[in-house]
Engineer: 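Could you have a look at this structure, given as structure tokens, before my questions?
As the structure is a prediction and not an experimental result, all values here were calculated from the model. Reminder, nothing fancy here: chain letters follow the sequence lines and each chain counts from 1.
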There are 2 protein chains.
Amino acid sequence: MTTVRGARARARIEITAAIKDEARTQLAAEGAAKLSLRAVARELGMVSSALYRYFPSRDDLLTALIVDAYDAIGAAAEKAASETAGQRPLDRWTAVCRAVRAWAVAHPHEYALIYGSPVPGYSAPQDTIVPASRVGLVLIETARGAHTGEGVALPPLPEGLRPEAARLAADIAPDLPPALAVTLVAAWSQLFGLISFEVFGHFHNIVEDREAFFAAAARRLGQDVGLLPRG
Amino acid sequence: MTTVRGARARARIEITAAIKDEARTQLAAEGAAKLSLRAVARELGMVSSALYRYFPSRDDLLTALIVDAYDAIGAAAEKAASETAGQRPLDRWTAVCRAVRAWAVAHPHEYALIYGSPVPGYSAPQDTIVPASRVGLVLIETARGAHTGEGVALPPLPEGLRPEAARLAADIAPDLPPALAVTLVAAWSQLFGLISFEVFGHFHNIVEDREAFFAAAARRLGQDVGLLPRG
DNA sequence: TCACAATCAAGAGCAGTGCTCTCATTTCAT
DNA sequence: ATGAAATGAGAGCACTGCTCTTGATTGTGA
């Protein structure tokens, strides 16, 4: 399938990668707003129009970077999950959260690209939806481990949320109780609320020891989804 | 102080407001990335260089819009708080949260300007920090109502978070127990995690009944900060 | 009242951007 | 070997933020 047919195909792959690399460098240095196709081409010793043979537009380049960023932060989450395979669910949960945060803090501009204001259009391209779900899937999987077998005490669902909860659970995790599925999705978004506030500077002059603050909040999020401190 | 000295000063105020209005219109229509000084000037029947008499740069115009957006969402929160003055703390809390969300959903691009990726530089200008704190202050005030007098059961702080919690509480709410102050700040950021995920499209194909979902999550956040369902 | 200074609009212009088009060259499959 | 497809280079268009100069309008102190 992905066998390299000839020198030309090989070159195309390499140049595409080089373009993405240089773009990522500029992204990390100056942010998405100042990422310039011409500057990327200039740095690579080619003329700007040549770059359009590889990416049909600036937004397509950005989309490629978005996909890569989703994959990178998803891989970080998966790595933390697999490295804590035998441990208690709550510890695994916090380990995953801390890994996600660590990636975000280390790559603020790439993080802003995927969890900040949507820049290209309003609807995310099709290619991004699978990579975008990786962190969420890890969280679901981590929580699932604690809920196989017996049920855990979760607050009852409000009447009006019943149908939505059932639909949502059937969609993302049919084997889990609806109340848990809802809580998981909420915890998922709240996790990124914590991270975004730190990365985007809203904790400036407010939270100093961000590491400890986040660890405690993430742990509490884990308890919210039914992971017990001991057991 | 703000007395209008003459016709010229009056005109300056009016033109400045007109520029901001037109800029806000373009922001709402196309987003911050496509906000163009030249287009604003064109729409106002003036030449682009004239606009620089009122805003020294594009970033300064954006900063003015940022301040206005913080003020608007802060006012929405304060309105909800004052309109529910006599009610139970948990109901007030959810009312405030829903008002904040409603403003965000109604003004997605302005919301993205203040809670999305920071666009101008990395450090927010001085003028923004006071308006930026309004929503947070309302949340603190709402929670304070339930904690005057007796204490409410809050999970104990982890050992490592003790000093940070004390410092943080002394900073933002010296009369509240440190554990509550920490939880409040976490809930604050998690609230915007919920809203950002909705506004930025991360709930696409996942959460359908966003209204009910948010109401339940916000209520739960209120319980996290110690507001009791009954009482 | 009048002259001077501050303020302001207009226009030209600069450097930069994303993107398109044409044209020559190179590579590949037949 | 030949025709088709892929690639690179260059010119050019419309747009951007921003600066500078010029001339007109407005406010103010002697």
Engineer: Look up atom OG in B/Ser133 and atom CG in A/Asn205, then write down how far apart they are to the nearest 0.5 Å.
Structural biologist: 11.5 Å
Engineer: Which whole-number value in Å describes the distance from B/Leu37 CG to D/dG17 C1'?
Structural biologist: 7 Å
Engineer: Would you indicate, yes or no, if C/dG18 has its OP1 or OP2 atom less than 4.0 angstrom from a side-chain nitrogen or oxygen of A/Ser36?
Structural biologist: yes
Engineer: Mind calculating the distance between CG (B/Leu62) and C1' (D/dC18) to the nearest angstrom?
Structural biologist: 15 Å
Engineer: Counting just side-chain N and O atoms, does A/Arg58 come under 4.0 Å of either OP1 or OP2 of C/dC19?
Structural biologist: no
Engineer: Please walk me through it: do A/Leu35 and A/Arg58 pass side-chain contact (heavy atoms from CB on, under 4.5 Å)?
Structural biologist: CA-CA 9 Å; A/Leu35 200 171; A/Arg58 198 191 105 114; 4.1 Å; yes
Engineer: Roughly how far apart are A/Asp60 CG and A/Tyr52 OH, rounded to 0.5 Å?
Structural biologist: 10.0 Å
Engineer: Tell me: CD1 of B/Ile15 to P of D/dT25, nearest whole Å?
Structural biologist: 15 Å
Engineer: Does this structure show an ion pair linking A/Arg167 with B/Asp209, if we count only N-O contacts that are shorter than 4.0 Å?
Structural biologist: no
Engineer: Measure the distance from CD on A/Glu30 to P on C/dT17 and round it to the nearest whole Å.
Structural biologist: 12 Å
Engineer: Output the rounded distance in Å from CZ (A/Arg12) to C1' (C/dT26).
Structural biologist: 15 Å
Engineer: Both B/Arg38 and B/Val47 contact DNA chain C. Which one's nearest nucleotide lies toward the 5' end?
Structural biologist: B/Val47
Engineer: Just to be sure I understand the rule, does A/Ser57 reach a base, reach only the sugar-phosphate, or reach nothing, if contact means heavy atoms closer than 4.0 Å?
Structural biologist: sugar-phosphate
Engineer: Between the main-chain N or O of B/Ala186 and the side-chain N or O of A/Arg220, is there a donor-acceptor pair closer than 3.5 Å?
Structural biologist: no
Engineer: Starting at the 5' end of DNA chain C, which residue's closest nucleotide do you reach first, B/Met46 or B/Arg8?
Structural biologist: B/Arg8
Engineer: Look at all strands and tell whether B/Leu35 reaches a base, only sugar-phosphate, or nothing, counting heavy atoms closer than 4.0 Å.
Structural biologist: sugar-phosphate
Engineer: What residues from residues 49-56 of chain B pass a heavy-atom cutoff of under 4.0 Å to DNA chain D?
Structural biologist: B/Ser49, B/Tyr52
Engineer: Without decimals, in angstroms, what is the distance between B/Arg42 CZ and D/dG17 P?
Structural biologist: 9 Å
Engineer: Would you give me the side-chain donor-acceptor pairs under 3.5 Å for residues 39-50 of chain A, sequence neighbours excluded?
Structural biologist:
none

Engineer: Scan B/Leu61 against the nucleic acid and name what it touches under 4.0 Å (heavy atoms): base, sugar-phosphate only, or nothing.
Structural biologist: nothing
Engineer: Find the distance B/Arg10:CZ to D/dT25:C1' and express it as a whole number of Å.
Structural biologist: 17 Å
Engineer: Where do A/Phe203 and B/Val185 come nearest, in terms of heavy atoms and distance?
Structural biologist: CE2-CG1, 3.8 Å
